[in-house]
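What follows is one structure encoded as structure tokens, with my remarks underneath.
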Amino acid sequence: MFHFNEKTQDLPHRIRRSIILYTVLGFLLTGTVIAIVCLYPMYRQLSQLADQELEQQVQNHALTIQQYLSRLADTTLQITSRTQIRQKLAAFNQDKISLEELIRFSRPKLIDALKLAVDSVGMIRLDSSGKVRIKIGEAPSWDQVGVAVEQLKGPLLVGPIVTMSGRRLLVAAPILDRNGQRVGTDLVSFSLAGIFRILAEINTTGPVSQAQLAMRWDKNLYFLESQASTNSFGRLISPDSVLAQAMNNLLTNQNGKILSLSVKSRDDGHEVVTLVRIEDLDWIISGRMSQSALYAIPNRMIGLLIPLIGLLMLLGALGSILMLNPLTGKVILQAEEYELEIENQTKTLKELELANTQIDNILRSVPSGLLVCDSDQRIILTNQAAAKLFGFDIGQVANCELTGLVEAGLLPEAMRDLVHPGSSQPKEIEILVGREGLNQRIVRAESSTIQSRAVLGSGTIIILHDITKDRELDRIKSEFISTAAHELRTPLTVLVGYAEMLTDTTLSANFSESQKQSFLKEILEKGLSLSTMIDDLLDISRIESGQPLPLHLENSDLLSILRKVTQQIALGNQHHQFVVKLSEPVAGCSFQVDPDRIRQVMENLLGNAVKYSPAGSKITVTGNPLGKDYQITVADEGIGINELDLPKVFDKFFRADSSNTAIGGLGLGLSVVQKIVKGHGGEIYLESSLGEGTRVIFTIPIRTDSPT
């Protein structure tokens with residue numbers, strides 16, 4: 001008889017203990033590695049976010065101070081650019097008025113201007129030769145600027161400087177006449193109250209513990225302090241300190257604007273200091289925050305997560321022991337069965353995932369909207385096109401009854417007619433979606449029954465087609481045919497009528513030579529009108545076929561073309577007032593344009609202005625250089641355009657009023673004008689309000705001639 005020895009009987013227990021031990025150790029080791037791998041990047045990212053937030057706050061403070069300094073420069077320019085006192089100074093330079101008259105006229109106006117300028121305490125005004133002519137308040141000395149008067153090309157900020165009255169900021173700015181010639185110089189003195197207000201506000205709001213303004217003066221670095229005496233600049237920063245070295249590096253490096261460093265605090269802790277250099281000045285805004293406060297959130301999160309993860313790992317290990325103990329007896333016998341089952345399940349899951357991916361890709365690729373309902377009229381499938389069309393979220397309508405969505409206003413009322421249980425006939429309806437106006441769409445909805453192998457009529461599929469553009473095209477075609485027939489018939493009728501009278505010898509004998517000339521002139525005008533319509537149609541035909549409009553560019557006097565076209569239109573429309581204001585471009589500039597096309601643009605825009613504005617109203621043509629372009633504006637005081645029609649004014653065949661009683665035209669002019677302007681490299685847009693007139697603005701590039 002065969003007898004089991006002790007070692008043979010103990011083998012299953014050893015296997016069971018080994019499986020449990022290795023599983024628990026592996027679980028704990030894996031959990032520890034995962035915790036370290038996950039927590040370290042999380043802590044690092046949270047710390048970086050805290051650093052970035054501190055840097056962003058200090059940058060915002062620097063931007064606030066820089067904006068305040070810009071306002072000081074703007075304030076000085078507002079004082080400097082006052083026309084009347086600037087003209088008086090120019091007259092004094094030309095010996096047209098005396099010094100007493102200059103001071104008597106300018107001083108009270110400058111005093112009023114200083115009262116309106118925040119934080120200003122005084123100023124001096126110099127004439128063209130650099131001599132001081134007017135002093136107001138705490139008048140600074142030009143020697144404190146450190147720049148010669150003739151070298152000053154624009155507003156210059158100087159300071160802070162220490163004066164007998166306290167610390168001051170100086171802004172110097174040249175006074176220029178209309179020709180850009182310097183006629184004098186202003187030097188305005190400002191107190192530091194505004195800077196101190198900004199620092200006080202910063203230090204009372206936000207998480208930054210302390211924000212200070214540092215600057216370099218006389219080769220030393222100081223912190224600006226409001227409590228400093230009037231003849232002291234501020235608190236000196238030790239030149240040997242880490243902070244001073246970092247500030248000097250930041251001021252020396254022209255490409256650097258921000259620097260962060262860790263320094264030791266007074267309570268033996270550490271602080272993070274962020275330094276941001278203020279552009280164009282030796283100023284630095286510094287923000288301090290203790291490391292414990294800055295990284296409080298990351299430290300607190302990690303402090304909470306580590307014990308929690310440890311507890312979860314212990315619970316997982318205990319659960320593994322309790323779970324594996326009854327299962328280890330079957331592990332060895334069922335391992336192969338489990339492996340085969342896992343392989344089959346993995347294959348099935350991959351096939352299901354592939355099928356779901358294919359269905360999802362198909363739904364996303366379908367441009368039409370799609371709604372699928374089950375036999376209970378619940379929506380079980382939809383796509384993004386349908387959600388965009390009706391304005392709902394896909395998750396909002398999932399598993400909801402179609403009738404309930406109709407009652408909730410998410411679907412139109414007409415959608416009820418598409419779903420009828422037991423009906424297998426396809427249905428098709430047209431519905432309006434959205435509010436009346438620009439957002440309203442016309443949708444054709446088609447429904448059919450889903451044919452299932454198990455159950456006949458197991459659901460309904462609804463396909464939604466947006467046919468708004470199709471309907472709009474049909475409407476535009478119909479309106480264009482009607483409009484074209486009407487617009488072409490009118491001049492043709494006049495042409496045929498006058499031609500019949502002139503060719504009929506009996507009738508023509510009754511007319512004088514002046515009347516016949518008048519008839520011929522009318523025939524010529526109507527013929528030219530027909531020619532213009534045909535030219536517009538040919539241009540549109542070229543555009544539709546993808547061909548560019550032919551342009552014959554040449555060096556041309558653009559302003560002369562604009563004036564001549566305006567004069568021609570004005571001669572034929574003397575019941576309107578035409579005003580032309582064209583500024584000459586700077587010397588050495590020219591225009592490469594097609595003269596005929598530019599005339600076509602102006603004739604169209606001026607013709608529209610005449611047609612759509614009442615008799616006696618003013619039509620203004622203005623032109624001004626604008627950077628690298630020359631901007632032309634045609635403005636009228638006519639009926640204007642409805643706000644809903646503004647986006648469509650450059651569309652082909654569009655007219656603001658397409659009724660039979662509307663003002664004539666095929667609606668092609670502005671579309672052709674837009675192509676001509678863009679062909680020249682310019683831009684065109686239109687501003688209008690109903691009843692308040694219309695302004696059409698377009699630009700033509702300015703060509704700068706290179707010196708020979």
Side-chain angles (χ1 to χ4, degrees), residues 83 176-181 528 531-532 535-536 539 548-613 616-638 649-650 669-688 693-708:
T83 304
L176 306 177
D177 61 11
R178 293 183 176 178
N179 298 322
Q181 299 297 322
L528 291 174
S531 177
T532 301
D535 288 341
D536 287 344
D539 287 338
L549 289 178
L551 296 176
H552 304 288
L553 302 178
E554 58 186 54
N555 278 330
S556 304
D557 188 349
L558 176 64
L559 274 60
S560 177
I561 297 173
L562 299 178
R563 292 191 182 98
K564 288 181 180 179
V565 175
T566 307
Q567 289 173 359
Q568 292 171 359
I569 299 296
L571 288 175
N573 299 275
Q574 297 184 4
H575 48 281
H576 284 79
Q577 302 177 36
F578 287 82
V579 179
V580 181
K581 301 177 182 178
L582 301 177
S583 300
E584 295 288 341
V586 297
C589 295
S590 62
F591 298 94
Q592 280 277 346
V593 298
D594 185 332
D596 294 333
R597 289 296 187 180
I598 294 298
R599 291 189 190 96
Q600 183 179 355
V601 169
M602 290 302 296
E603 287 171 356
N604 187 285
L605 298 182
L606 290 171
N608 285 344
V610 169
K611 286 192 293 185
Y612 292 101
S613 59
S617 62
K618 183 166 61 176
I619 298 174
T620 306
V621 178
T622 58
N624 294 288
L626 185 65
K628 297 181 179 180
D629 298 320
Y630 192 83
Q631 179 177 284
I632 301 106
T633 303
V634 178
D636 62 55
E637 300 174 346
V649 292
F650 293 106
L670 285 180
S671 180
V672 175
V673 164
Q674 184 186 48
K675 294 297 181 181
I676 294 173
V677 172
K678 289 190 175 181
H680 281 80
E683 295 293 335
I684 183 170
Y685 58 95
L686 186 145
E687 298 175 350
S688 182
T694 302
R695 297 174 72 247
V696 183
I697 302 100
F698 69 96
T699 60
I700 298 296
I702 298 175
R703 178 182 177 184
T704 303
D705 297 333
S706 301
T708 56

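By convention here, the first residue in the shown sequence is residue 1. Computed from a predicted model, the values in this text were never measured in an experiment.
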Residue pair Met602 / Ile561, side-chain heavy-atom distance below 4.5 Å: no
Exam field: side chain His575 to backbone Ser617, donor-acceptor pair closer than 3.5 Å: no
Phe578 side chain reached by Val610 side chain, heavy atoms, under 4.5 Å: yes
From Thr694 atom OG1 to Glu687 atom CD, the distance as rounded to the nearest 0.5 Å: 10.0 Å
Interatomic spacing from CZ in Phe698 to CG in Leu605 - rounded to 0.5 Å: 6.0 Å
Evaluation steps, side-chain contact (heavy atoms from CB on, under 4.5 Å), between Phe591 and Asp557: CA-CA 7 Å; Phe591 298 94; Asp557 188 349; over 6 Å; no
Value rounded to 0.5 Å, distance of CZ in Arg599 from CG in Leu562: 10.5 Å
Considering all heavy atoms, the nearest Gln674-Ile684 contact: CG-CG2, 3.8 Å
Close side-chain approach of Ile700 to Ile632, heavy-atom, < 4.5 Å: yes
Side chain proximity check, Leu606 to Thr566, heavy atoms < 4.5 angstrom: yes
Distance, nearest 0.5 Å, that separates OH of Tyr685 from OG1 of Thr699: 8.5 Å
For Ser583 against Leu559, the heavy-atom pair lying closest together: O-CD2, 3.7 Å
Contact summary for Gly693 and Ser688, nearest pair of heavy atoms: O-OG, 3.1 Å
Asp177 side-chain N/O to Asn179 backbone N/O, donor-acceptor pair under 3.5 Å: yes
Side chains of Arg695 and Val634 in contact at under 4.5 Å (non-hydrogen atoms): no
Min side-chain heavy-atom separation Asn624-Tyr630 under 4.5 Å: no
Rounded distance (nearest 0.5 Å) linking atom NZ of Lys564 with atom CD1 of Ile598: 14.5 Å
Main-chain N/O of His576 paired with Asn573 side-chain donor or acceptor, under 3.5 Å: no
Test item: Asp636 side-chain N/O and Gly638 main-chain N/O as donor-acceptor pair under 3.5 Å: yes
Straight-line distance of Asn608 CG to Glu603 CD, nearest 0.5 Å: 12.0 Å
Working for side-chain contact (heavy atoms from CB on, under 4.5 Å), residues Leu582 and Val580: CA-CA 6 Å; Leu582 301 177; Val580 181; 3.6 Å; yes
Any side-chain heavy-atom pair of His680 and Leu551 under 4.5 Å: yes
Side-chain heavy-atom pair Asp596, His552 within 4.5 angstrom cut-off: no
Lys618 versus Glu637, closest heavy-atom pair with distance: N-OE1, 3.3 Å
Flag, side chain of Glu554 to backbone of Asp594, donor-acceptor distance under 3.5 Å: no
Which atom of Ile702 lies closest to which atom of Asp629, heavy atoms considered: CD1-O, 3.3 Å
Where Pro701 and Gly682 come nearest, the two heavy atoms and their spacing: CD-N, 4.2 Å
